[in-house]
Colleague: 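Below is a structure I'd like to ask you about.
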Amino acid sequence: MSANPIELVLHPKAWEALTVLEAAPAPSRGELVADLELTADERAAVLTQLDLRDQAQAKLGEFARTMIFTRDGLEQATRLEVAAMHAARFREAGIATVADLGCGIGVDSLAMAGLGIEVRAWDLNPQAVAAATVNLRFHDNATVNLGDVTELDAPSLVQSGVQGIFADPARRTGAQAGGRRINDPEQWSPALSTALSWREHLRAGGHDALGLKVAPGIDYRHIPADFEAHWISVDRQLVEASLWSPDLTSGPQRSATVMRGGEKLTFSDPTDPSSPAEQAPGSALENYIFEPDPAIIRAGLIASVVRDLGLSGTISPSIAYLTSNSIPEGDAAKALTGFEVLEVTTLRPKAISKALRAMDPTGVEVKKRGADINPAALQVALKRILVPKTKDYENELTVFATRIGGRHQAIIARRL
């Protein structure tokens with residue numbers, strides 16, 4: 001049996017080596033570790049942790065430099081700023097003790113413990129439990145347990161003093177949950193219905209504080225009508241969807257938080273979150289085209305954004321490209337990526353190439369919605385018409401392969 005890399009790095013000499021090498025410049029670590037009194041497996045485990053810490057900084061900032069990771073755990077870990085939002089919900093609701101079920105490497109537990117909440121964390125993966133235990137070592141108000149949350153005795157948990165539950169059901173196949181995504185919520189582990197059933201036990205104890213991470217593409221019909229469904233994006237990357245019971249939200253709604261360049265914008269629609277999204281009005285293509293942030297799209301808030309920003313509407317039914325004759329202003333407009341429309345042509349490579357040649361582009365990106373094409377292949381095909389970029393000349397353009405009023409078209413545009 002191969003050695004457990006988490007246990008290896010916790011060996012006294014390996015842990016000391018990790019501390020020493022953490023302070024060394026990255027290029028010199030390989031040479032330095034060779035001079036330390038470590039086994040080959042310990043050296044590999046130490047270098048792996050240093051590499052994972054480097055990767056983790058994008059999600060966790062400087063906290064990553066004191067943490068321990070598994071590769072799967074890092075991939076699935078909550079970003080620190082998002083974990084802080086989760087923790088704030090429980091603290092603002094006055095929840096003193098939270099069970100973190102499926103805690104992984106412990107980022108959410110870390111955020112909650114940092115706000116003074118007592119955390120009782122569980123995970124089925126022994127390596128994740130070992131990593132979370134190390135990561136929470138500075139918090140006396142947090143404990144980590146090895147256990148299968150699908151076999152959770154929720155009544156006993158509540159009777160022991162737990163007032164809130166935060167859970168992250170496994171949504172991938174494979175022993176380490178690293179396989180394909182599982183779309184059916186009843187095939188998650190635990191099933192969504194099982195996780196939602198814990199709510200009744202919490203309510204019997206006097207609290208309605210259940211938070212669940214879910215797949216961003218969850219069908220609205222699976223969302224309880226009195227919950228908040230919340231989507232979060234960071235720098236235009238959709239990173240999470242979550243469901244929150246009444247104690248942890250201001251009311252039933254679908255909401256989206258958009259984080260860009262250190263700014264955080266929140267949009268919401270106070271509605272039954274299980275209902276279909278409101279449809280935005282349609283419009284002929286105008287001077288500008290706008291691409292909403294993916295969190296807004298998933299949350300079904302396009303109609304709300306069109307209305308609030310005074311846009312004309314979508315260029316085709318069910319296509320999330322918006323249009324207007326003017327550029328919207330204000331903070332909410334930062335959740336849109338805008339383009340100036342230059343030309344519209346048929347959705348054929350020859351027609352697109354002909355139109356682009358007249359514009360002397362130095363680069364072309366291809367986006368698509370509602371069109372059955374391979375954008376990467378089209379982008380490669382268009383490279384042959386590019387002109388050289390120089391210090392004095394740059395002309396980056398975008399081709400939208402989409403539908404306008406139900407017809408397949410190509411829109412050539414320039415980013416604002």
Side-chain angles (χ1 to χ4, degrees), residues 56-69 73-74 76-123 128-129 131-145 149 157-158 160-168 195 198-199 202-203 205-214 227-232 234 239-251 253 255-259 262-266 268:
Q57 279 203 253
K59 278 189 172 183
L60 303 172
E62 286 303 312
F63 277 93
R65 308 316 313 183
T66 63
M67 296 177 68
I68 293 295
F69 302 95
L74 174 57
Q76 297 161 29
T78 307
R79 290 173 180 264
L80 189 61
E81 64 265 46
V82 176
M85 294 171 64
H86 297 162
R89 287 183 184 262
F90 287 100
R91 184 183 64 175
E92 291 166 7
I95 303 300
T97 305
V98 175
D100 183 1
L101 307 180
C103 66
I105 60 172
V107 177
D108 281 292
S109 291
L110 189 64
M112 288 186 277
L115 292 183
I117 297 169
E118 181 184 344
V119 182
R120 304 177 192 176
W122 274 266
D123 202 280
V129 168
T133 300
V134 174
N135 296 338
L136 289 160
R137 64 192 181 278
F138 300 120
H139 295 279
D140 295 336
N141 56 335
T143 57
V144 186
N145 308 278
V149 302
L157 199 65
V158 172
S160 72
V162 167
Q163 298 175 341
I165 292 176
F166 179 77
D168 184 6
W198 299 334
R199 178 188 184 192
L202 289 169
R203 294 173 73 177
H207 301 279
D208 194 354
L210 175 64
L212 301 173
K213 288 179 69 172
V214 295
F227 272 49
E228 176 185 351
H230 186 212
W231 285 259
I232 300 176
V234 178
V239 298
E240 181 184 285
S242 53
L243 307 180
W244 303 94
S245 64
D247 281 3
L248 304 175
T249 180
S250 59
Q253 59 187 303
S255 60
T257 295
V258 176
M259 298 183 183
E263 289 189 87
K264 183 168 69 176
L265 304 169
T266 298
S268 63

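The structure displayed is predicted, hence computed values, not measured ones.
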Colleague: What are the two closest non-hydrogen atoms of Val214 and Ser242, and how far apart are they?
Modeller: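 The pair with the smallest heavy-atom distance is CG2-N, 4.0 Å.
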Colleague: Hey, could you give me the CG/CG distance between Asp100 and Asp168, rounded to the nearest 0.5 Å?
Modeller: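 Output value for this atom pair is 8.5 Å.
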Colleague: How long is the span from the CD atom in Glu62 to the CG atom in Leu80, to the nearest 0.5 Å?
Modeller: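 It is 11.5 Å, given to the nearest 0.5 Å.
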Colleague: Indicate the ring-plane relationship of His86 and Trp244, choosing parallel, tilted or perpendicular according to the 30° and 60° boundaries.
Modeller: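 Because their plane-to-plane angle lies in the 30° to 60° range, the rings of His86 and Trp244 count as tilted.
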Colleague: In Å and rounded to the nearest 0.5 Å, what is the CE to CG distance from Met67 to Leu136?
Modeller: 8.0 Å
Colleague: Under a 3.5 Å threshold, yes or no: a donor from one side chain and an acceptor from the other, between Ser160 and Arg120?
Modeller: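 Distance-only check passes for Ser160 and Arg120.
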Colleague: So how far is it from Asp247 CG to Leu202 CG, rounded to the nearest 0.5 Å?
Modeller: 9.0 Å
Colleague: Measuring only between side-chain heavy atoms, which start at C-beta, is Arg89 closer than 4.5 Å to His230?
Modeller: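 Yes; the side chains approach each other to less than 4.5 Å.
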Colleague: Check whether any side-chain heavy atom of Ile232 sits under 4.5 Å from a side-chain heavy atom of Met85, and report yes or no.
Modeller: yes
Colleague: Give a yes or no answer on whether the side chain of Asn135 reaches the backbone of Ile105 with a donor-acceptor pair at less than 3.5 Å.
Modeller: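 Checking the backbone N and O of Ile105 against the side chain of Asn135, a donor-acceptor pair under 3.5 Å is found.
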Colleague: Spell out, as yes or no, whether a donor-acceptor pair under 3.5 Å connects the side chain of Asn141 to the backbone of Ala113.
Modeller: yes
Colleague: Quick one, Gln76 and Lys213 - any side-chain contact, counting heavy atoms below 4.5 Å?
Modeller: no
Colleague: Working to the nearest 0.5 angstrom, can you tell me the gap between Glu81 CD and Lys264 NZ?
Modeller: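 Result: 9.0 Å between the selected atoms.
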Colleague: Checking Asp208 side chain against Arg203 main chain: does a donor-acceptor pair fall under 3.5 Å?
Modeller: no
Colleague: Are the side chain of Arg137 and the backbone of Val134 linked by a donor-acceptor contact shorter than 3.5 Å?
Modeller: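 Such a contact is found between Arg137 side chain and Val134 backbone.
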